[in-house]
2 protein chains.
Amino acid sequence: MREGPDIARIASLVGDPARANMLNALMGGTALTASELALEAGVSLPTASSHLSKLTEGGLLTLASQGRHRYYGLAGPQVAGMIEAITGVAEAVGPKRVRPGPRDGAMRVARVCYDHLAGEQAVAMLDRLVDKNILVRNDNEIRLGPSAASHFAAIGIDFYTKPRRPVCRACLDWSVRRSHLAGTLGAAILDKILLEKWARREKDSRAVIFSPPGKQAFERIFLS
Amino acid sequence: MREGPDIARIASLVGDPARANMLNALMGGTALTASELALEAGVSLPTASSHLSKLTEGGLLTLASQGRHRYYGLAGPQVAGMIEAITGVAEAVGPKRVRPGPRDGAMRVARVCYDHLAGEQAVAMLDRLVDKNILVRNDNEIRLGPSAASHFAAIGIDFYTKPRRPVCRACLDWSVRRSHLAGTLGAAILDKILLEKWARREKDSRAVIFSPPGKQAFERIFLS
DNA sequence: AGGATGCTTCGATGAGGACCGAACTATGCG
DNA sequence: CGCATAGTTCGGTCCTCATCGAAGCATCCT
């Protein structure tokens with residue numbers, strides 16, 4: 001019964017299914033609002049709110065108020081690392097590793113991360129956009145390059161429709177260890193991909209499956 | 001409400017104070033009996049027994065029956081790593097330690113982490129081994145460098161005895177915010193330190209106390 | 001201003017689970 | 001065998017906490 005840092009307190013915060021789902025959702029690196037997290041966790045808004053104050057109080061989340069929106073995000077890389085560690089154990093200990101399965105593979109290639117594209121394809125896309133100087137990246141901050149407006153207008157992508165959110169944002173990818181593009185631009189690109197039916201969303205999953213011609217079109221526009 | 005590995009289940013196992021105390025006690029690396037763990041956790045024997053079956057059922061502990069004694073131990077280094085990660089967060093967000101206390105100081109300098117050395121000394125050692133190119137580190141992956149085999153053979157450390165586990169692993173240190181060396185090599189080095197009596201283990205604690213000549217020897221070999 | 005949206009607080013309910021004493025099983029010792 | 005020690009199972013009590021509806025703030029839009 002010796003005393004150390006209160007590990008039980010932290011672990012029990014993660015130990016509730018609703019809170020665990022929220023934390024999982026936040027592992028993408030983008031801060032989310034209370035309603036989004038309520039949906040993610042499958043609980044009502046009051047319940048979510050209660051969980052969120054506990055997580056914030058407990059030091060696992062940070063809160064950024066922007067107008068009437070309150071964005072919750074992981075408190076830092078250390079917290080993310082802890083969740084990864086727990087996930088690792090859960091995976092090792094949990095029900096036998098079913099074969100990687102087509103879904104898992106597809107998830108690595110491309111999936112939805114809140115409202116934008118994540119996975120290998122998304123990481124490659126951001127790389128290419130930065131290479132071509134359409135976007136300018138400075139560590140985790142991404143800005144539009146000089147040719148961005150005309151470039152995206154030309155391919156029919158409009159990202160000025162939701163002025164509240166940042167246009168660009170770096171979002172750490174879970175499968176690859178690199179960043180992909182979030183923000184309204186990221187969201188607009190995902191919209192475009194789905195609208196043009198280059199890809200469809202796997203039902204009840206985050207996986208995004210490209211059709212062969214869709215993949216060609218996507219790669220021609222974003223990876224060439 | 002998407003599905004992944006059941007992180008809430010694992011975290012809630014750690015999230016009970018009694019169980020957390022037990023796991024903490026087992027971080028020393030030695031397996032303990034149910035009664036010892038009951039004492040450690042400050043609960044009655046029946047209660048401890050119930051907790052222990054949950055932990056074992058949940059895959060966090062392994063059970064070795066020897067006669068009428070039943071020895072419980074951590075299920076593996078991955079579990080130990082997870083607990084260290086949680087401890088790190090708890091330490092970071094927890095209330096400021098009122099009084100560091102002598103034992104805490106010793107714990108920061110050097111302590112046992114499951115089966116290998118942790119603390120400032122261990123972090124410095126890994127840094128030095130990487131500097132000298134004896135180990136090659138790539139993010140969280142650590143491999144043996146070209147001169148590793150001859151180097152460790154020369155100082156009498158044999159790490160090929162447990163082929164099942166990885167030889168090297170990075171393990172995040174909660175006191176410092178950096179990694180130290182785990183894996184069979186890490187375990188072999190700790191063995192060496194205790195065998196040569198460079199240091200002794202504090203009774204009922206994870207702290208490792210170096211004797212003055214032992215510290216010299218250790219620093220000459222690993223930190224020079 | 002007035003209405004809409006995003007979120008939190010309050011109050012009541014209900015379920016899960018931590019806890020212990022007592023009884024039970026298993027192993028070891030003479 | 002009988003007794004002691006180590007552990008588990010059982011039954012019952014109690015308390016925490018997750019949950020939701022309704023009401024209350026706060027901010028934004030028109």
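Numbered from 1 within each chain, the chains take letters A, B, ... in sequence-line order.
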Self-check item: A/Val43, nearest nucleotide to its side chain (from C/dT8, D/dT19, D/dT8)
Solution: D/dT19

Quiz item: What nucleotide, of C/dC19, D/dC20, D/dG7, holds the atom closest to the side chain of B/Thr47?
Solution: C/dC19

I want to check one thing: is the phosphate of [N], taken as OP1 and OP2, less than 4.0 Å away from some side-chain N or O of [X]?
X: A/Ser49; N: C/dT8; answer: yes
X: A/Lys54; N: D/dA18; answer: yes
X: A/His51; N: D/dT19; answer: yes
X: A/Arg70; N: C/dT8; answer: yes
X: A/Ser44; N: D/dT19; answer: no
X: B/Tyr72; N: D/dA6; answer: no
X: B/Ser35; N: D/dA6; answer: no

Once you round it to whole Å, what is the distance between [atom2] of [N] and [atom1] of [X]?
X: A/Leu13; N: D/dT16; atom1: CG; atom2: P; value: 17 Å
X: A/Arg19; N: D/dC17; atom1: CZ; atom2: P; value: 9 Å
X: A/Leu39; N: D/dC20; atom1: CG; atom2: C1'; value: 16 Å
X: A/Leu37; N: D/dT19; atom1: CG; atom2: P; value: 14 Å
X: A/Leu63; N: D/dA26; atom1: CG; atom2: C1'; value: 14 Å
X: B/Leu52; N: C/dC19; atom1: CG; atom2: C1'; value: 15 Å
X: B/Leu45; N: C/dG21; atom1: CG; atom2: P; value: 11 Å
X: B/Glu36; N: D/dT5; atom1: CD; atom2: P; value: 16 Å

Practice problem: Assign the ring pair A/Phe222 / A/Trp198 to parallel, tilted or perpendicular, where the plane angle (0 to 90°) is split at 30° and 60°. | Solution: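 Judged by the thresholds at 30° and 60°, the geometry between A/Phe222 and A/Trp198 is perpendicular.
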
Could you check whether any side-chain heavy atom of [X] comes within less than 4.5 Å of a side-chain heavy atom of [Y], counting everything from C-beta outward?
X: A/Gln121; Y: A/Val109; value: yes
X: B/Met107; Y: B/Arg206; value: yes
X: A/Ile157; Y: A/His151; value: no

Quiz item: Which is true for A/Ala18 with a 4.0 Å heavy-atom rule: it touches a base, it touches only sugar-phosphate, or it touches nothing?
Solution: sugar-phosphate

Quiz item: Is B/Ser50 touching bases, backbone alone, or none of the nucleic acid, heavy atoms closer than 4.0 Å?
Solution: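 No contact at all - B/Ser50 keeps every heavy atom at 4.0 Å or more from the nucleic acid.
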
Practice problem: Write down the atom of A/Ala20, the atom of B/Ala8, and the distance for their closest heavy-atom approach. | Solution: CB-CB, 3.7 Å

